[in-house]
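So the structure is just underneath, and the comments pick up after that.
First the proteins, then the strands, lettered A, B, ... as listed; each starts at 1.
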Amino acid sequence: MTTPPLLALDSIEVVYDGIVAALHGVTLEVPAGGIVALLGANGAGKSTTLKAASGLLAAERGKVVAGSVSFRGAPVRARGPVQLVREGLVQVLEGRHCFPHLTVEENLATGAFARRPSASDLRQSIERVLERFPRLRERRRAAAGHLSGGEQQMLALGRALIARPTLVLLDEPSMGLAPKVVEEMFTLVRTLHETEGMSFLLAEQNAAAALAVANTAYVLENGRVVAGGTVADIRARVDVRDLYLGGTGTGRTRFRARSEAPPPAT
Amino acid sequence: MSFFLEVLIGGLLAGVMYSMVAIGFVLIYKASGVFNFAQGAMVLFAALTFVSITERGVPFALALVITLAAMFALAIAVERAVLRPLVNAPPLSLFLATLGLAYVLEGLAQTVWGTQVHGLDLGISDAPIGAGAVSVSRFDLFAAATAASLVGGLGALFRWTRAGVALRAVADDPLAAIAVGIDLRRLWAIVWGAAGVVALVAGLLWGARVGVQFSLSLVVLKALPVLIIGGFSSIAGAIAGGLVVGASEKLAEVYVGPLVNGGIETWFPYVLALGFLLVKPAGLFGERSIERV
Ligand SMILES: Nc1ncnc2c1ncn2[C@@H]1O[C@H](COP(=O)(O)OP(=O)(O)OP(=O)(O)O)[C@@H](O)[C@H]1O
Ligand SMILES: [Mg+2]
């Protein structure tokens with residue numbers, strides 16, 4: 001018997017506003033200690049998938065109407081975002097979403113509130129995150145709204161790290177960033193994975209960058225998983241290469257909608 | 001000159017009270033983006049509860065504690081019964097909910113405690129005390145000092161505590177606040193509790209002046225221009241707005257009033273607020289959005 005996955009989505013269907021169907025039976029899992037890439041074009045349903053896992057759907061008037069989501073073997077349904085953060089599941093939203101009028105330090109502090117740290121614990125946690133991000137340390141008293149895009153992305157990740165997560169749901173960390181900063185972000189993901197054993201579910205349109213750090217990957221299209229497997233498998237798929245990896249193949253065929261078996265848990 | 005000063009000071013003293021009431025609104029506005037129409041009803045509810053139990057022989061201090069407890073219980077009940085079910089509803093639904101809450105509270109208070117006007121004596125005389133040629137009422141001074149300490153206390157509380165940081169975070173970006181694990185329910189209970197304390201203090205101070213009666217719930221109408229002038233989402237703005245409204249309405253009453261047969265005080269703040277809407281729609285201290293280019 002293998003250990004259960006850290007996060008498992010089983011044929012979930014998501015509807016917004018009671019009518020707009022965004023996901024049609026998405027099944028995927030993140031093994032403990034895994035980095036999983038979730039690829040797909042605009043509107044494919046990547047963000048929706050992450051929000052279904054973190055309990056943020058309700059705040060967007062979305063709902064998981066079928067299937068199940070479980071974190072550490074128990075359904076997330078009854079837990080709510082605050083409880084999930086406490087248990088180590090944190091989402092970094094697409095577009096960073098730093099608190100613009102709060103200072104860098106205050107932004108970081110908010111990430112720790114859920115676990116109710118003592119004052120000294122909070123101070124130390126902030127220091128530890130600042131050690132990872134020297135540029136944030138320089139600007140620790142600046143309002144987050146005045147940081148550059150790259151700095152804000154660092155801050156958003158730092159704010160998640162301060163909650164001491166076991167699984168981070170990272171939504172398009174590369175969005176709008178210079179290639180060098182993107183590289184820095186993904187290097188950091190790899191470091192956190194190797195040194196802290198942190199797991200990641202990484203939604204990305206920048207497939208090349210995401211596949212460079214991931215172990216397994218899924219491809220979403222129109223709310224369905226159209227491919228899933230190890231990174232090597234995904235790279236080998238001609239159709240995926242054409243659509244998402246900047247391949248030069250001529251066959252620009254769309255994926256046929258079909259469900260894929262999840263990759264074998266290793 | 002001393003007459004001018006006297007009017008100005010009287011206005012500022014009244015203004016501190018407006019500031020205090022406005023802070024109750026600002027806290028709730030920051031936490032849930034809604035103008036809490038029930039704030040005035042909470043003032044009435046608090047004052048009526050307090051006088052009714054003192055009239056039944058409960059000593060002052062104990063009555064204060066009981067009423068405070070009632071206001072906190074109310075805060076928790078509101079969070080459970082009104083806010084939680086409406087968690088992701090649009091702001092208009094929330095506003096209508098506070099409107100409904102206002103009627104429920106007014107009705108409840110008057111059903112339980114009756115509709116007659118109650119006198120309330122806080123034991124502070126209205127005798128004038130003076131410095132040089134300027135004199136002000138002892139009671140007004142006491143009321144303003146009480147309101148100022150409450151304003152200062154709440155300001156400090158929401159400036160430097162975690163609840164304060166959380167409150168500003170929610171005001172900035174509610175979705176991100178949920179994502180990082182800020183407990184919105186707890187925060188709502190805290191701000192409604194604080195609004196309850198404000199309501200109680202305002203109810204007692206105003207109640208002692210004009211009697212505890214239905215008209216207390218109309219402070220909500222006084223707060224609106226204060227909020228427009230100061231900015232809905234700023235505690236500093238509520239303080240400044242209250243002082244501006246207090247001072248200007250009294251000065252206008254005294255100096256402009258006679259030209260138009262008086263009665264200016266009741267509507268002047270609205271005219272002023274209208275002016276501000278045209279010139280500075282976000283209010284004196286309204287949050288500027290930080291735009292990077
Ligand atoms: N709050 C919402 N209300 C209604 N529909 C929504 C909402 N959020 C997303 N959708 C719809 O759900 C579908 C999936 O959107 P989602 O944001 O998950 O895609 P995505 O893969 O993250 O896209 P992108 O790469 O542009 O971020 C889209 O059709 C979108 O229009
Ligand atoms: Mg997205």
Side-chain angles (χ1 to χ4, degrees), chain A residues 17 50-51 54-63 80-103 105-117 119 122 142-149 151-152 156 159-160 162-163 165 169 171, chain B residues 26 29-33 79-80 83-94 158-190 231-237 282 285-293:
Chain A
D17 293 315
L50 299 197
K51 285 177 187 155
S54 61
L56 290 182
L57 269 186
E60 304 259 89
R61 276 169 281 115
K63 197 165 187 277
V82 179
Q83 185 60 25
L84 287 170
V85 169
R86 251 178 229 147
E87 291 175 22
L89 173 65
V90 182
Q91 174 164 4
V92 179
L93 293 166
E94 176 181 329
R96 351 214 191 278
H97 281 266
C98 298
F99 302 116
H101 294 92
L102 269 55
T103 65
E105 279 183 314
E106 286 172 336
N107 264 277
L108 291 175
T110 59
F113 289 170
R115 62 179 162 88
R116 309 234 187 134
L122 181 60
H146 292 300
L147 302 184
S148 74
E151 288 164 344
Q152 290 194 9
R159 188 176 60 180
I162 214 160
L169 311 177
D171 199 349
Chain B
V26 167
Y29 185 83
K30 280 174 94 82
S32 36
E79 191 276 310
R80 288 275 153 85
L83 301 176
R84 202 176 286 188
L86 288 174
V87 138
N88 301 301
L92 184 63
S93 315
L94 259 179
F158 285 100
R159 181 78 218 153
W160 287 298
T161 61
R162 279 181 202 175
V165 176
L167 184 68
R168 284 183 288 135
V170 171
D172 258 3
D173 191 332
L175 181 64
I178 302 171
V180 301
I182 286 174
D183 194 339
L184 277 185
R185 294 169 179 180
R186 227 169 78 92
L187 196 59
W188 283 335
I190 291 172
F232 276 82
S233 57
S234 161
I235 290 178
F285 290 77
E287 299 255 271
R288 280 162 290 269
S289 62
I290 298 184
E291 304 278 1
R292 271 190 52 97
V293 278

Is A/Phe113 close to B/Arg162 at the side-chain level, that is, under 4.5 Å between some pair of heavy atoms?
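Contact flag for B/Arg162/A/Phe113 side chains = yes.
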Would you mind listing every salt bridge (charged side-chain N to carboxylate O under 4.0 Å, His left out) that reaches into residues 90-102 of chain A, with sequence neighbours excluded?
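Salt bridge (charged side-chain N to carboxylate O under 4.0 Å, His left out) check on residues 90-102 of chain A returns no pairs.
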Portion of [X] that has a non-hydrogen atom of chain B nearer than 4.5 angstrom:
{"X": "A/Leu102", "answer": "both"}
{"X": "A/Ser54", "answer": "neither"}
{"X": "A/Leu84", "answer": "neither"}
{"X": "A/Ala58", "answer": "both"}
{"X": "A/Glu106", "answer": "both"}
{"X": "A/Pro165", "answer": "neither"}
{"X": "A/Ala59", "answer": "both"}

Looking only at heavy atoms, which two atoms of B/Ser234 and B/Gly237 are closest? And how far apart?
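That closest heavy-atom pairing would be OG-N, 2.8 Å.
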Check each atom of B/Arg186 against the heavy atoms of chain A and say whether the ones under 4.5 Å are side chain, backbone, both or neither.
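Looking at B/Arg186, just its side chain touches chain A.
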Using a 3.5 Å distance criterion without hydrogens, assess whether the side chain of [X] forms a donor-acceptor pair with backbone atoms of [Y].
{"X": "A/Glu151", "Y": "A/Ser148", "answer": "yes"}
{"X": "A/Arg115", "Y": "A/Ile162", "answer": "yes"}
{"X": "B/Asp173", "Y": "A/Phe99", "answer": "no"}

For chain B, the option from A/Thr110, A/Asn107, A/Leu122 that forms the most heavy-atom pairs under 4.5 Å
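Heavy-atom pair counts peak at A/Thr110.
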With sequence neighbours excluded, what pairs up with B/Tyr29 under the ring pair (Phe, Tyr, Trp, His ring centres under 6.0 Å) test?
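Testing B/Tyr29 for ring pair (Phe, Tyr, Trp, His ring centres under 6.0 Å), a comparison that skips the adjacent residues, returns B/Phe232.
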